[in-house]
Structures are given as C-alpha cells and as structure tokens.
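There's a structure below that I have some questions on.
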Amino acid sequence: MFRAEIRKEIGKIVPAGTIFSVGRPENPEHGDYSSNAALVVAKELKKNPREAAEELKNKLLSNPIAKWVEKIEIAGPGFLNFWIKKEVLFKALGSKPKFPKRKEKISLDYLDANPTGPIHIGHARSGFLGDALSNILEVAGHKVSREFYVNNAKVNTQIRSLGKTALGRGEEYKHAQLFSLLKKSIVKKKLSKAKHESEAGFYIAGLIHKENERFLKNKAKIKYNLFFEEESVYASGLLKNILEKLVKSGAAYEKDGAMWLRASKYGDSEDRVLVRSGGEPTYVAADIAYHWDRMVKRKFDLIINIFGADHYGYGPRLKAALAALGLDPKRIKIIGVQTARLVSGGKEVKMSKRKGEFITLEELLDNIGLDATRWFFLERSPDTHMDFDLDLAKERSKKNPVYYVQYAHARACSILRKRKAGKIVNLELLTQPEELALIKKILQLPEIVEDIARDYQVHRLPRYAYELAQVFTNFYEKHKVIDEKNPDLTKARLALVLATQKTIKTTLSLMGIAAPEKM
RNA sequence: GCCCUCGUAGCUCAACUGGAUAGAGCGCCGGACUUCUAAUCCGGGGGUUACAGGUUCAAAUCCUGUCGAGGGUACCA
C-alpha cells in the first residue's frame, strides 16, 4: 500500500509518461522501498542523476508522503530509498489489510478440456492457474466470471470421431472413461437409437463433460460460474448472425466453396476458413461467437484466456477475427501455459494420448494430494517448461515447501491456542529486527496481490507464502512469544502471531490450499 | 523452412519487467533438541546467466546472429 502511494506521488512530479519502478529491495540497507525514478528522469532531461535525485527528494518531502516516510536517502548512482515510520507500520498491522479496489468486469476462461476424455495432467496447470488467478483478481476488487468453454458442437470433428468410437467404428477415443460409460444399459440403449455419429458423439460428450465437471468441483476444487457450450452458438443462431456480419463488412469472402476470414488483414499470418466447403463452420467460427457473447452481449471489460502451449499459436487468429468484427484486441489477454513433464526417479514419465496412456489429474491427486499438487503447479511461472517431480511432491517433509508453509501456520495456531491474542495491545514494544521484518512481510500481501492483478504472474504468491513462513520461523526461533514476566510484550507478540496466522491463511486460501491448525 | 515460448548453481526454480554484491529450495559438508510444534534453525562451499557481437550511466532482462529444448504451422480442436 505504501508502494502505490510512493508511485503515485513520484508520478505527479516526473514528466508524464515516464516509466519508473518502485520496488522492495532485497538488501535492507536500501530501505523499505526503492525507486529508479531519478535515473530515468536524468536520462530524459540529460541531467546529472544525483542532482535529479536531490530535486525529486526535496519535492517528495513536501508531499503528503512526508507524513509517513521516516527518511529518503539518495544512494548509488541515484536511487531514492524510502524508510517507513515505525508507528505507521504498527498502525497498518493493527488494521485490516488494504487490498486494491479495482473494478473491472473480467471473463476468465481456463482449462477447457475437450469432452472427449478425462481431465489429465496436461490440463492441470491451466486449471489451477485460472482458479487461483480468479481468487486473486476478486480480492483485488475485480468482478470475475470463471468460464469453461465446452467444445461439444455436433459439427465438431472430434465430437463426430468420439461418436464413431462409441459406436464401435473408430479407434481414436478408446479409453477407460469411455468404456465404463459404454457398459451402462441406458447408454447402450441411447446409442442404438442414434441416427448419426455426431449425435452419438454429442450424447457421449455430454456424459463425459458431466463427469469432468463433477471431478473439477469436488476433487480438484477448481471453481466455475459458467460452462459455455459450443453447441449453444449454433442452437441460438448467434453464429449465423456473426457470420452474416462478417460477410457484410467485407471481412469474410468465398473461395473454393468455403468461407474465409480475411485474417491476414488483421495481423494473422494468413486467411482462415470460417465455413468449410461442406457447409460446416470451423472451430474458430464458433469461438468468435463465444467471444462476441463475452465482449458484446455480456459486456466484459477484459477477456482472459489461458491457453496451453498446443493452443497458444491460435491466439493471433482469434484476435484477428475479433478485430475484423470491430472489437478491440487489447481487451483480450492470452496467457500461455507451457507443458509440464512428470518426473520420477530422475526420469520423465511418458504419457501418450493416442495410446490412451495418459495420467489423469484424478490419479495424480490421489497420489500426491490436492495441496501439494496445487502448490507445485502454481509455484512456477507459466511460461517455463516445468518438471513436476512426483517423488518430491509426495514427500511430507521439510523438502516440500507446501508443508513448510502449512507447518508455520499450524505453529502460529498452536501458540494462539495456549494464549489468546487480546484486543488492546501496545505494538510499539515490538522493536526487535525479526519482529519488524515480520511486520513488513505481512504488510506486503496487498502489494503482491496488486502485482498479480496487473501482470497475472500468480507464482509470486507461493513465493511470498514461503518467504512469510520463513520470516515467521526466524522470529519464532529467536524470540519466545509467551513470557509470564513480561505480559505487555506477550500481548504485543501475540497480536503479531495472530496477524501472521491470518496472512498465511489468506495467502494459502487464494491458492486453494488448506491451512491446517494442527499438523 | 517460418512463427511462438524457453535456456540462470549438481538438480528444480526466482530475480519487483533495464537497476545496487544474480537469490531461494533440494542435494553436499559442519553444527544446534530439558524450550510456545525439530515437518525446525544456524554456518559453509557452489555462477563467464547456452555462445558471439551490439545498444547505455547500467543487460540474465532489449536488438542481431549461432547452438540446444518444447510447441505451433489443418476446410482438427
């Protein structure tokens, strides 16, 4: 919260449009916050950096922030380092965390497993990321619709192929989930009446999706507000409407009996087929309709799609299509998620979708547990190719960071069970470096949330959780909380422990991870 | 071939988006339990940020090229 204020005040002084940073230096000698603003300004105005820093500092000291900044120091080539007054920190610790109050309407789409098979580990990263990001954006004040696009259109090639397999005429989707469905007599009966493969496929897809939906809700705890069915844009006539619009505006044209989108005109590498020569619309056509529904009908300010690596290249096509409809592509943010490899005993665990040898997310959860699984997927930046170490994730020990954080929480709870934190306390008694470090760490959470709401880098959160647990443990090792000889200090420390416990709990719950009171 | 993402300690990953001495965890070595939870803590070693140039006060980060990994490149989704 202090950081946002510092940024705001500097922003008022420097020339408009100046890009500068306000960060939290790792080295405590560099203050609680640090900014490179003077260096940036000096470059633009061709000034001496130290002089520019001096000037900035003097102006800042006559601003409102002077009330809560203890001192501003100019260091190194011209950094401005800020220290916050202790009484201000105490006051902040004593009040509720101030999360940012952003007010956008966001439609966030994630996981989108095809209803042709079970949710597998390839979906996990996108699913957990989407779920956690939704939580974070909501805490940051946004209104978020959590959405899952179900690719179940009857004209969809994969749906037809699924129907083919279900009717015993195809090989593609022979997997355990399908076989167990085919054993049911109702399913057999229904399939025998199906006139066409696409009809059979649509029916089976509905069953598979229901199972997947139940699994996500009950076991993976990945929440949704809306399952948007691809088939619905056909049934409602929306797709037909959109295609007419595109033809009318000249963004679509006929060639070789098919309808093409002039995508190359809007930034895509080539034009794309919207309606096949057989008369069936393609995936992108239906997807445009889905996005129209989100952007125009339901009026979301921002559209976020989390795409897997295999889908990421599709982004420009989608954006081009929406640009052709006159929608601003800047309202769409696509987050790419790289593939995850499962590693055990130092070797990759191979899975082949084609042979039906995929590892389902359910198997992984049964093996590892939800908390550790979520932690491991959220811990890494989504754009790196990650290794998921099964052996490490399984380990319930200090090697496993998720338990370290949960343990710190349980420890705090244990202290609070012995002695309850009171309401009236004198926090000024907290003067030890470990205590101050802990207070500052606790106060950082809203800033982390703010950062993530801005750039969607969810992996900052597990890192923060770990750091917080570490700082708390340092404090715990060094200082005894309950001290009968010093009741006032005990009260102050109990208040600190309570604030820590609440902050760890909040952080973990944003990630969908439990915060046990005993371990 | 072209496009996208990535390459950082032995391993898995960070680095506040161009900032100060590149940081954590694991593993390794050495130490600490009569204690509010030892699922813990303290100390140590470990780096030419794949490579070669360039841009500037400042580069792991930006630009060019090379090498390597993964993905995309359908009238599949």
Side-chain angles (χ1 to χ4, degrees), chain A residues 3 19 21-27 29-30 33-36 39-40 42-43 48-49 75-79 81 112 114 116 149 151 153 156-159 161 230 255-260 269-270 272-284 286-287 308-316 336-339 341 343 346 376 379-389 392 395-401 403-404 406-408 410-419 447-448 451 455 457 459-460 463 466-467 470 473-474 476-483 490 493-494 497 518-519:
Chain A
R3 198 190 48 173
I19 296 166
S21 67
V22 179
R24 300 171 288 262
E26 268 168 41
N27 187 341
E29 284 170 30
H30 295 152
Y33 296 92
S34 168
S35 176
N36 68 348
L39 290 160
V40 180
K43 185 176 186 173
N48 176 320
F79 290 102
N81 295 337
D112 289 359
N114 287 337
T116 50
Y149 183 63
N151 302 304
N156 182 319
T157 314
Q158 293 186 6
I159 293 301
S161 180
E230 184 184 18
K255 196 181 96 184
D256 307 331
M259 189 199 285
W260 292 73
S269 55
E270 56 196 289
R272 306 289 179 175
V273 171
L274 287 173
V275 183
R276 293 170 233 176
S277 48
E280 292 154 345
T282 58
Y283 172 84
V284 67
D287 202 21
D310 57 338
H311 208 59
Y312 193 65
Y314 167 79
V337 177
Q338 290 296 338
T339 47
R341 299 194 313 165
V343 176
F376 273 75
E379 189 188 31
R380 266 87 152 186
S381 160
D383 47 32
T384 58
H385 309 270
M386 72 170 270
D387 282 0
F388 189 107
D389 188 333
L392 178 59
E395 196 150 346
R396 298 179 67 84
S397 78
K398 63 174 184 177
K399 290 181 196 168
N400 199 332
Y403 298 117
Y404 180 84
Q406 289 182 324
Y407 186 67
R411 228 178 201 175
C413 288
S414 162
I415 297 172
L416 294 166
R417 262 197 302 276
K418 286 225 158 54
R419 189 75 56 89
E447 291 173 359
I448 302 286
D451 287 342
D455 64 16
Q457 310 264 314
H459 66 281
R460 295 168 194 278
R463 295 217 156 251
Y466 193 85
E467 285 166 18
Q470 228 170 10
T473 308
N474 283 343
Y476 173 89
E477 289 287 331
K478 202 112 184 220
H479 306 288
K480 186 127 177 147
V481 175
I482 298 169
D483 178 1
T490 298
R493 285 187 172 160
L494 282 170
V497 172
K518 281 183 190 172
M519 280 176 86

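Computed from heavy atoms alone, side chains included, the values below leave out hydrogens, waters and symmetry copies.
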Exercise. Does B/U40 fall in syn (glycosidic angle within 90° of 0) or anti?
Worked result: anti

Exercise. When the distance from CD1 of A/Ile159 to C1' of B/A77 is rounded to whole Å, what number comes out?
Worked result: 10 Å

Exercise. Which part of the nucleic acid does A/Lys418 contact within heavy-atom distance under 4.0 Å: base, sugar-phosphate only, or nothing?
Worked result: sugar-phosphate

Exercise. From B/U40, B/C36, B/A77, pick the nucleotide closest to the side chain of A/Arg276?
Worked result: B/A77

Exercise. Please give, in whole Å, the distance from B/C16 P to A/Tyr33 OH?
Worked result: 17 Å

Exercise. Expressed in whole Å, how much space separates the P atoms belonging to B/A22 and B/A9?
Worked result: 15 Å

Exercise. Which value, in whole Å, describes the distance between the C1' atoms of nucleotides B/G46 and B/G25?
Worked result: 14 Å

Exercise. With a 3.5 Å cut-off and just heavy-atom distances, do the side chain of A/Ser277 and the base of B/C75 make a donor-acceptor pair?
Worked result: yes

Problem set entry | Nearest-angstrom distance from the residue atom CE of A/Met519 to C1' of B/A39 | 6 Å

Exercise. Is there a Watson-Crick or G-U wobble partner for B/U17 with both distances under 3.5 Å, and which nucleotide is it?
Worked result: none

Exercise. When the C1' atoms of B/C2 and B/G27 are considered, how many whole Å apart are they?
Worked result: 42 Å

Problem set entry | Touch class at under 4.0 angstrom, heavy-atom based, for A/Asn81 against every strand present | base

Problem set entry | Pairwise C1' distance for B/G68 and B/U49, with rounding to whole Å | 16 Å

Exercise. For the side chain of A/Tyr407 and the base of B/U37, is some donor closer than 3.5 Å to an acceptor across the two?
Worked result: yes

Exercise. Nearest to the side chain of A/Tyr476 - B/U40, B/G23, B/C36?
Worked result: B/C36

Exercise. What does B/A39 pair with, Watson-Crick or G-U, if both distances are under 3.5 Å?
Worked result: none

For this session: Could you state the atom-to-atom distance from CZ of A/Arg272 to C1' of B/A74 in whole Å?
Result: 9 Å

Problem set entry | Distance, P atom - from B/A24 to B/A15, rounded to whole angstrom | 14 Å

Seminar exercise, completed: Side-chain contact check for A/Ala75: nearest option of B/A20, B/A14, B/U37 is B/A20

For this session: Check whether any side-chain nitrogen or oxygen of A/Lys43 sits under 4.0 Å from OP1 or OP2 of B/A58, and answer yes or no.
Result: no

Exercise. Looking at A/Gln470, does any N or O in its side chain come under 4.0 Å of the phosphate oxygens OP1/OP2 on B/G25?
Worked result: yes

Exercise. How long is the line joining CD1 of A/Ile19 and P of B/G18, in whole Å?
Worked result: 9 Å

Seminar exercise, completed: Ranking A/Tyr312 and A/Ser34 by the position along RNA chain B of their nearest nucleotide, the one closer to 5' is A/Tyr312

For this session: Report yes or no: is the ring centroid of A/His30 under 5.5 Å from the six-membered base ring centroid of B/A20, with the two planes under 30 degrees?
Result: yes

For this session: Could you tell me whether a side-chain N or O of A/Asp256 sits under 3.5 Å from a main-chain N or O of A/Ala258, the two making a donor and an acceptor?
Result: no

For this session: Just compare B/C16, B/U5, B/A39 and give me whichever is closest to any side-chain atom of A/Asp383.
Result: B/U5

Problem set entry | Selected nucleotide, minimal atom distance to A/Ala309 side chain, candidates B/A15, B/U37, B/G71 | B/G71

Exercise. CG of A/Asp389 versus C1' of B/G25: gap in Å, rounded?
Worked result: 12 Å

For this session: Measure up the A/Phe388 and A/Phe376 rings against each other and bin them: parallel (under 30°), tilted (30 to 60°), perpendicular (over 60°).
Result: tilted

For this session: Counting Watson-Crick and G-U wobble pairs only, both distances under 3.5 Å, name the nucleotide matched with B/C28, or none.
Result: B/G44

For this session: Quote, to the nearest angstrom, the P distance that separates B/C13 from B/C76.
Result: 36 Å

Problem set entry | Under-3.5 Å donor-acceptor pair between A/Asn36 side chain and B/A58 base | no

Exercise. Do A/Arg24 and A/Ile448 have side-chain heavy atoms sitting under 4.5 Å apart?
Worked result: yes

For this session: Using a cut-off of strictly less than 4.0 Å, decide whether A/Asn474 has a side-chain nitrogen or oxygen near OP1 or OP2 of B/C42.
Result: yes

Exercise. So what's B/G7 paired with, Watson-Crick or G-U wobble, going by both distances under 3.5 Å?
Worked result: B/C67

Exercise. What string of B, S and - do you get for nucleotides 7-13 of chain B, 5' to 3', if B is base contact, S is sugar-phosphate-only contact and - is no contact with any protein heavy atom under 4.0 Å?
Worked result: -----SS

Problem set entry | Candidate nucleotides B/C76, B/C36, B/G25, ranked by approach to the side chain of A/Ser414 - the nearest | B/C36

For this session: Identify which nucleotide among B/U37, B/A20, B/C41 has an atom closest to any side-chain atom of A/Glu477, counting heavy atoms from C-beta outward.
Result: B/C41

For this session: Classify the side-chain pair A/Gln158/A/Asn151 by whether it contains a donor and acceptor separated by less than 3.5 Å.
Result: no

Problem set entry | Integer-rounded Å distance: B/U56 P and A/Leu39 CG | 17 Å

Problem set entry | Base partner of B/U73, which must satisfy Watson-Crick or wobble distances under 3.5 Å | B/G1

For this session: Report yes if some heavy atom in the side chain of A/Val497 is under 4.5 Å from a heavy atom in the side chain of A/Arg419; otherwise report no.
Result: no

Seminar exercise, completed: Rounded to whole Å, OH of A/Tyr403 lies from P of B/U40 at a distance of 13 Å

Problem set entry | Shortest non-hydrogen separation from A/Lys480 to A/Arg493 and the atoms involved | O-NH1, 2.9 Å

Problem set entry | Counterpart residues, salt bridge (charged side-chain N to carboxylate O under 4.0 Å, His left out), relative to A/Arg276 (two or more places apart) | A/Glu280

Seminar exercise, completed: Closest to the side chain of A/Val273, out of B/U37, B/C75, B/C76, is B/C75

Seminar exercise, completed: Looking only at heavy atoms, the pair that brings A/Leu416 and A/Leu494 closest together is CD2-O, 3.9 Å

Exercise. What integer number of Å spans the C1' atoms of B/C51 and B/U56?
Worked result: 23 Å

For this session: Enter the distance from A/Asp383:CG to A/Gln338:CD here, rounded to the nearest 0.5 Å.
Result: 7.0 Å

Exercise. Judged by atom type as modelled, is there a donor-acceptor pair below 3.5 Å linking the side chain of A/Ser21 to the main-chain atoms of A/Ser35?
Worked result: no

Problem set entry | P-based separation of B/U12 from B/A69 [nearest Å] | 16 Å

For this session: Give one of base, sugar-phosphate or nothing for A/Lys518, where a contact means two heavy atoms less than 4.0 Å apart.
Result: base

For this session: Please tell me which of A/His311 and A/Thr339 maps to the more 5' nucleotide of RNA chain B, matching each residue to the nucleotide holding its nearest heavy atom.
Result: A/Thr339

Exercise. Do we count A/Phe79 as stacking onto B/A20 if the rule is ring centres under 5.5 Å and planes under 30°?
Worked result: yes

Problem set entry | B/A60 - base-pair partner by Watson-Crick or wobble geometry, distances under 3.5 Å | none

Exercise. Side chains of A/Phe79 and A/His30: closer than 4.5 Å at any heavy-atom pair?
Worked result: no

